[in-house]
Amino acid sequence: MDSLLIKGGVPLRGEVRISGAKNAALPIMAAALLTGAACVIRRVPDLSDVRFMGQILMRLGAEVRFEGDTVRIQARQIKGTGDYELVRKMRGSICILGPLLGRLKKATVSLPGGCVIGARPVNLHLKGLEALGAKVTIKGGYVEVAAKRLTGAAMFLGGRAGPTVLGTANVMMAATLAQGVTVIESAACEPEVVDLASFLNAMGARITGAGSPTVTIAGVRELHGAEHEVIPDRIEAATYAITAAATGGEVTLCGARPDHMRAVIDKLNDAGVVVEANHSGLRVRRGGRLKAVDITTLPYAGFPTDVQAQMMALMALAPGISIITERIFESRFMHVSELARLGADIEIEGPSAIVKGGRLLSGAPVMASDLRASAALVIAGLAARGATQVNRVYHIDRGYENIDGKLRQLGARIERIEEA
Ligand code: EPZ
């Protein structure tokens, strides 16, 4: 398993190109299952999760061809079973359920199971598909959904932590080929949901209200092929913005969309970081001493849970006390003990972490546990004195395209140690 060796203490400077959004690309690739015609998707990030989704679609019978950051998918004839071996490796693949049900009126997909950040049930996905008339059966670790026909319906899709992103995506995709009108209340408003709706509308769907808590889908008889460019990755952009601030550097995030990052920019400003929109995207630099700020993760347009760990690494450097509260996932503090290995002073109290910031961090070997936790360890390692080795970086390759190459471009002393 590869690891990253980082020699910290260098302010990062220069420009970095923001890749396409992983969390938009995955459901958009799955949506290509809704038609037998060819779909061309551009600005698809080169990530292990994306390549994995490609394998899942091929296993279902689709033709999938990657050319640079473009993927061409044609699902002429497909089967309706997504097998355990594949789906268990990537939770996001649950988003094949809706398109398979929409297209074939039946689907059998392995239940994804929990992960280190939380139990991650799919009850809301199933509630929504049931409301469209599907019969849902859970057997042998698989969920089977089937219906003679799908009929549009009104439903409330909010849960314990508010809306569900992939649940909204799954129901929206199935409803495009249902008879009649579907109204989803408490729909997720994430930009990735809006991007998926734009792609579906380009395929001939009739979706309105995406990006608001009420999404309306007027079903159509069939969908056709389409071309689409995926939105830039706001989580990757936020990660590089925080990296610039943590190292005391100045970085331009080429292609970043400030309108997708308001909550993050607002908190960075409060923390004394200057974030300016310009013609190429966003310019980020430290505007003096860092300040401690409190963070509570919320559904979009609130502060994203996928930036919580990275922001905690920054707050470990900011003099004062900051309270970071995780409201979306029950156990998303795996990075706390690893940040402590670098010298950070953080205590967990229920859903909150109390960060006593302002200490100088010093390098050490640390272990990545999940995608965003590993990004936080890289940020802390870049800000620390001495050398940090981040192990199990396969976690980071799932969601960050060529992270060590992009960081070196900004002047970071980072190298990938490939294990034989
Ligand atoms: C998406 O996951 C993202 N993944 C996650 O990003 C992100 O953290 C999450 O949305 C929240 O923003 C992809 O898009 C591939 P949810 P998703 O359903 O859709 C509960 C990353 O780092 N819930 O919105 O699986 C759930 O347990 C990843 O890139 C139910 O209770 O998340 C959680 O507490 C990590 N029942 C909350 O809702 C359900 O049926 C939000 O989960 C579904 C969800």
Side-chain angles (χ1 to χ4, degrees), residues 19-31 45 47-50 52-53 56 87 89-98 111-131 136 138 143 155-173 184 186-196 213 230-231 233-239 260 263-264 297-310 326-332 334-335 351 368-376 395-401:
S19 304
K22 165 182 82 82
N23 291 346
L26 296 178
I28 287 173
M29 287 172 70
L47 303 170
S48 53
D49 273 12
V50 165
F52 212 69
M53 179 56 89
I56 290 174
V87 174
K89 291 197 186 124
M90 181 179 72
R91 287 190 44 77
S93 51
I94 189 71
C95 64
I96 64 174
L97 193 61
L111 279 169
C115 78
V116 287
I117 67 175
R120 307 192 68 178
V122 293
N123 56 312
L124 297 169
H125 300 231
L126 304 182
K127 174 185 171 188
L129 299 179
E130 236 164 10
V136 174
I138 305 226
V143 55
M155 63 188 77
F156 180 84
L157 224 47
R160 179 195 60 77
T164 161
V165 175
L166 289 181
T168 302
N170 257 329
V171 175
M172 201 161 70
M173 290 190 272
I184 305 176
S186 187
C189 305
E190 271 68 3
E192 295 76 25
V193 171
V194 177
D195 204 30
L196 172 63
V230 172
I231 55 172
D233 195 319
R234 63 192 169 100
I235 308 296
E236 184 197 28
T239 304
H260 290 169
V264 173
T297 64
L298 293 166
Y300 190 86
F303 193 92
T305 173
D306 295 348
V307 184
Q308 177 255 97
Q310 301 92 313
E326 175 58 52
R327 288 269 178 245
I328 305 295
F329 291 107
E330 330 65 285
S331 51
R332 201 170 202 178
M334 301 290 284
H335 39 284
S369 55
D370 63 85
L371 168 56
R372 308 302 171 183
S374 41
H395 285 293
I396 216 166
D397 294 334
R398 291 189 42 226
Y400 291 92
E401 186 173 45

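Just so it is clear, the model here is predicted, and its values are computed rather than measured. Both counts, for ligands and for their atoms, begin at 1 and track the order of listing.
- The nearest non-hydrogen atom to atom 10 (O) of ligand 1, considering only L371, V165, V193, comes from V165.
- Among R372, R332, R160, the residue whose heavy atom lies closest to atom 35 (C) of ligand 1 is R332.
- The closest donor-acceptor contact from the side chain of R398 to the backbone of V50 lies at 3.5 Å or more, if one exists at all.
- At under 3.5 Å, a nitrogen or oxygen of L124, whether backbone or side chain, sits near a nitrogen or oxygen of ligand 1.
- Under a 3.5 Å cut-off, the side chain of T297 and the backbone N or O of R327 do form a donor-acceptor pair.
- Contacts with ligand 1 closer than 4.0 Å are made by heavy atoms of both the backbone and the side chain of T164.
- P121 counts as a contact of ligand 1, since one of its heavy atoms falls under 4.0 Å from the ligand.
- Residue contacts with ligand 1, taken as heavy atom pairs separated by less than 4.0 Å, do not involve E236 at all.
- Of the options R372, K22, H395, a side chain to side chain contact (heavy atoms under 4.5 Å, CB included) to Y400 is made by R372 and by none of the others.
- At under 3.5 Å, a nitrogen or oxygen of N123, whether backbone or side chain, sits near a nitrogen or oxygen of ligand 1.
- Side chain of E236 to main chain of S19: a donor-acceptor pair is present (N/O by atom type, distance under 3.5 Å, no hydrogens or angles).
- Under 4.0 Å from ligand 1, heavy atoms of L166 appear from its side chain as well as its backbone.
- Residues Q310 and I235 meet the side-chain proximity criterion, which asks for heavy atoms closer than 4.5 Å.
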Derivation of the side chain to side chain contact (heavy atoms under 4.5 Å, CB included) call for L126 and I138
CA-CA 10 Å; L126 304 182; I138 305 226; 3.9 Å; yes

Assess whether salt bridge (Lys or Arg N to Asp or Glu O under 4.0 Å) is satisfied between R332 and D306, documenting all intermediate values.
CA-CA 10 Å; R332 201 170 202 178; D306 295 348; 2.7 Å; yes

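- Between the side chain of N170 and the main chain of I94, a donor-acceptor pair closer than 3.5 Å is present.
- Considering backbone and side-chain N/O atoms, L26 never comes within less than 3.5 Å of an N/O atom of ligand 1.
- For the pair E326 (side chain) and F329 (backbone), a donor-acceptor distance under 3.5 Å is present.
- Protein heavy atom at the shortest distance from atom 2 (O) of ligand 1 is R120 NH2, 3.3 Å.
- The side-chain heavy atoms of M172 and V193, taken from C-beta on, include a pair separated by under 4.5 Å.
- In I328, the parts holding a heavy atom less than 4.0 Å from any atom of ligand 1 are both the side chain and the backbone.
- There is a protein heavy atom less than 4.0 angstrom from atom 33 (C) of ligand 1.
- The single protein non-hydrogen atom nearest to atom 6 (O) of ligand 1 is D306 OD2, 3.0 Å, given as residue, atom name and distance.
- Each of the atoms 39 (C), 40 (O) of ligand 1 lies under 4.0 Å from some heavy atom of V122.
- Between R91 and ligand 1, no pair of N/O atoms sits closer than 3.5 Å.
- In this structure, P191 and R234 have side chains that are in contact, with non-hydrogen atoms separated by less than 4.5 Å.
- By the 3.5 Å distance cut-off applied to N or O atoms, A161 is not counted among the residues near ligand 1.
- Evaluated by nearest non-hydrogen atom to atom 15 (C) of ligand 1, the leading choice among L298, T168, N23, V307 is N23.
- G92 and M53 make their closest contact through O-CE, 4.2 Å (heavy atoms, listed as atom of the first residue, atom of the second, distance).
- Of the protein's heavy atoms, F329 CZ, 4.0 Å lies nearest to atom 9 (C) of ligand 1.
- Every N/O-N/O distance between E330 and ligand 1 stays at or above 3.5 Å.
- Annotation for ligand 1: atoms under 4.0 Å from non-hydrogen atoms of K22 are 21 (C), 29 (O).
- Residue G92 has no N or O atom closer than 3.5 Å to an N or O atom of ligand 1.
- Judged by distance alone, with hydrogens and angles left aside, the side-chain atoms of E190 form a donor-acceptor pair with the main-chain N or O of Y300 at under 3.5 Å.
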Between V171 and I184, is a side chain to side chain contact (heavy atoms under 4.5 Å, CB included) present by the stated rule, with each step listed?
CA-CA 8 Å; V171 175; I184 305 176; 3.8 Å; yes

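- Remark: distances from the non-hydrogen atoms of M53 to ligand 1 are all 4.0 Å or more.
- A heavy-atom separation below 4.0 Å is not found between E192 and ligand 1.
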